[in-house]
K.L.:
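A single structure is presented below for examination.
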Amino acid sequence: MEGNVLITAEEIERRVKELAEEISRDYQDKEPLLVCVLKGGVIFLADLVRHLTIPVNMDFMAVSSYGQSTVTSGQVRILKDLDTSIEGRHVLLVEDIVDTGLTLSYLCDILLARDPASLKVCTLLDKAARRRVKVPVDYVGFEVPNVFLVGYGLDYRERYRELPYIARLEAEPEEE
Ligand code: PRP
Ligand code: 7HP
């Protein structure tokens, strides 16, 4: 995969630090709840929080839209809900990638119905060319082209999440 690197580990680290500085400024004295979307978002969250200079809480949600495929089914299922109530909380949703926007749109609807004090979205990668629904994204690490990516949390059939960089998947598979 090393020949297909799109974003290096050093570039990711630099950008994650910048995002953390921005978030720390914006959420001063708000003790936000960072909601991470498993599994892909976990690597980004883990690096992001270690550069924050404010206290935060964390909780996790798991949803599934892609299954074993590289194309979205358009259907989102909750596999694991939050442990905590978000009513009155400043919630920051942390994602690895926004692609069609279907997952995020569904998640925002669910979370907004629970009356948070605010809801914002932070994504490491934004594949805007593939967007099918309009979704608000407040913090973006990198805009990425319309190719299938792996690494730094992103998988293809549960592989490659552990790569420290983001790469284009070699021999992109046929759509299923
Ligand atoms: C990926 C990613 C986002 C979603 C984005 O999750 O982490 O949650 O797809 O795609 P969309 O904007 O087209 O909805 P996936 O369902 O692959 O689960 P994973 O994080 O466990 O790999
Ligand atoms: C989901 C996803 N997972 C891995 N690589 C990509 O490029 C992706 N887009 N949406």
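Atoms within each ligand, like the ligands themselves, are counted from 1 in listed order. As the structure is a computational prediction, the values presented were derived from the model and not from experiment. Every heavy atom of this structure was used, including side-chain atoms; hydrogens, water molecules and symmetry mates were not.
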K.L.:
Considering the heavy atoms of D99, write down every atom of ligand 2 situated less than 4.0 Å from one of them.
P.N.:
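The list of qualifying atoms is 8 (C), 9 (N), 10 (N).
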
K.L.:
Check whether any N or O atom of G101, backbone or side chain, sits under 3.5 Å from an N or O atom of ligand 1, and answer yes or no.
P.N.:
yes

K.L.:
Between ligand 2 and L149, is the shortest N or O to N or O distance under 3.5 Å?
P.N.:
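Yes, L149 has an N/O under 3.5 Å of an N/O on ligand 2.
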
K.L.:
Which heavy atom of M1 sits nearest a heavy atom of R168, and at what distance?
P.N.:
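Reported closest heavy-atom pair: SD-O, 3.5 Å.
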
K.L.:
My understanding is that we take every heavy atom of each candidate and find the minimum distance to atom 18 (O) of ligand 1. Doing that for V37, V63, D126, which one comes out nearest?
P.N.:
V63

K.L.:
For ligand 1, which atoms sit closer than 4.0 Å to a heavy atom of L102?
P.N.:
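With L102 as reference, the close atoms of ligand 1 come out as 12 (O), 14 (O).
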
K.L.:
Once the angle between the rings of Y27 and Y139 is folded into 0 to 90°, is it parallel (under 30°), tilted (30 to 60°) or perpendicular (over 60°)?
P.N.:
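Plane angle between 30° and 60°, so tilted.
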
K.L.:
Contact between ligand 1 and D155 is defined here as a heavy atom of the residue under 4.0 Å from a ligand atom; is it met?
P.N.:
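Yes, D155 has heavy atoms under 4.0 Å from ligand 1.
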
K.L.:
Should the heavy atoms of other residues, nucleotides or ligands under 6.0 Å from CD of E2 be counted, would the total exceed 12?
P.N.:
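No - once you tally the heavy atoms of other residues, nucleotides and ligands closer than 6.0 Å, there are 12 at most.
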
K.L.:
Counting each atom of ligand 1 from 1 as listed, which ones have a heavy atom of K39 under 4.0 Å away?
P.N.:
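Listed by number with element: 19 (P), 20 (O), 21 (O).
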
K.L.:
Side chain or backbone of T100 under 4.0 Å from ligand 1, or both, or neither, by non-hydrogen atoms?
P.N.:
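Within the 4.0 Å criterion, T100 contacts ligand 1 through backbone and side-chain atoms alike.
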
K.L.:
Which atoms of ligand 1 sit under 4.0 Å from any heavy atom of D96?
P.N.:
2 (C), 3 (C), 7 (O)

K.L.:
Can you tell me which portion of L154 lies within the under-4.0 Å heavy-atom range of ligand 1? Options are side chain, backbone, both, or neither.
P.N.:
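No part of L154 comes within reach of ligand 1.
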
K.L.:
Determine whether L92 and I23 make a side-chain contact, defined as any pair of heavy atoms from C-beta on separated by less than 4.5 Å.
P.N.:
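The answer is yes, as the side chains (C-beta and beyond) meet within the 4.5 Å cut-off.
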
K.L.:
Counting neighbours of CZ on R159 that are heavy atoms of other residues, nucleotides or ligands and sit closer than 6.0 Å, is the number greater than 12?
P.N.:
no

K.L.:
So, 4.0 Å and heavy atoms of D155: is ligand 2 close enough to count as a contact?
P.N.:
yes

K.L.:
Of all the atoms in ligand 1, which lie at a distance below 4.0 Å from a heavy atom belonging to E95?
P.N.:
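Near E95, meaning under 4.0 Å from one of its heavy atoms, ligand 1 has 2 (C), 3 (C), 7 (O), 8 (O).
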
K.L.:
Hey, any chance M58 and V94 share a hydrophobic cluster, counting ILVMFWY side chains that come within less than 4.5 Å of each other, even indirectly?
P.N.:
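M58 clusters together with V94.
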
K.L.:
Please check whether E158 reaches ligand 1 - meaning an N/O of the residue sits under 3.5 Å from an N/O of the ligand, judged on distance alone.
P.N.:
no

K.L.:
Below a 4.0 angstrom heavy-atom separation, can you tell me which part of K127, side chain or backbone, both or neither, approaches ligand 2?
P.N.:
side chain

K.L.:
Calculate, to the nearest 0.5 Å, the distance between atoms OG and NZ belonging to S24 and K30 respectively.
P.N.:
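Between S24 OG and K30 NZ, I get 13.0 Å after rounding to 0.5 Å.
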
K.L.:
Is R130 near ligand 1, meaning one of its heavy atoms is under 4.0 Å from it?
P.N.:
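It does not; every heavy atom stays at 4.0 Å or beyond.
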
K.L.:
Can you tell me if V147 contacts ligand 2 (heavy atom of the residue under 4.0 Å from the ligand)?
P.N.:
yes

K.L.:
Can you measure from CD (E31) to CZ (R89) and round to the nearest 0.5 angstrom?
P.N.:
6.5 Å

K.L.:
Any chance NZ of K134 has more than 12 other-residue heavy atoms, nucleotides or ligands included, within less than 6.0 Å?
P.N.:
no

K.L.:
Looking only at heavy atoms, is any part of R161 under 4.0 Å from ligand 1, and if so is it the side chain, the backbone, or both, or is it neither?
P.N.:
side chain

K.L.:
Taking the six-membered ring for Trp, are F44 and Y152 parallel (under 30°), tilted (30 to 60°) or perpendicular (over 60°)?
P.N.:
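The rings of F44 and Y152 sit tilted, inter-plane angle from 30° to 60°.
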
K.L.:
Within a distance under 4.0 Å of any heavy atom of L38, pick out the atoms of ligand 1 and give their elements.
P.N.:
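Those qualifying, in numeric order: 20 (O), 21 (O).
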
K.L.:
Between the main-chain N or O of V35 and the side-chain N or O of D59, is there a donor-acceptor pair closer than 3.5 Å?
P.N.:
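Not a single qualifying donor-acceptor pair exists.
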
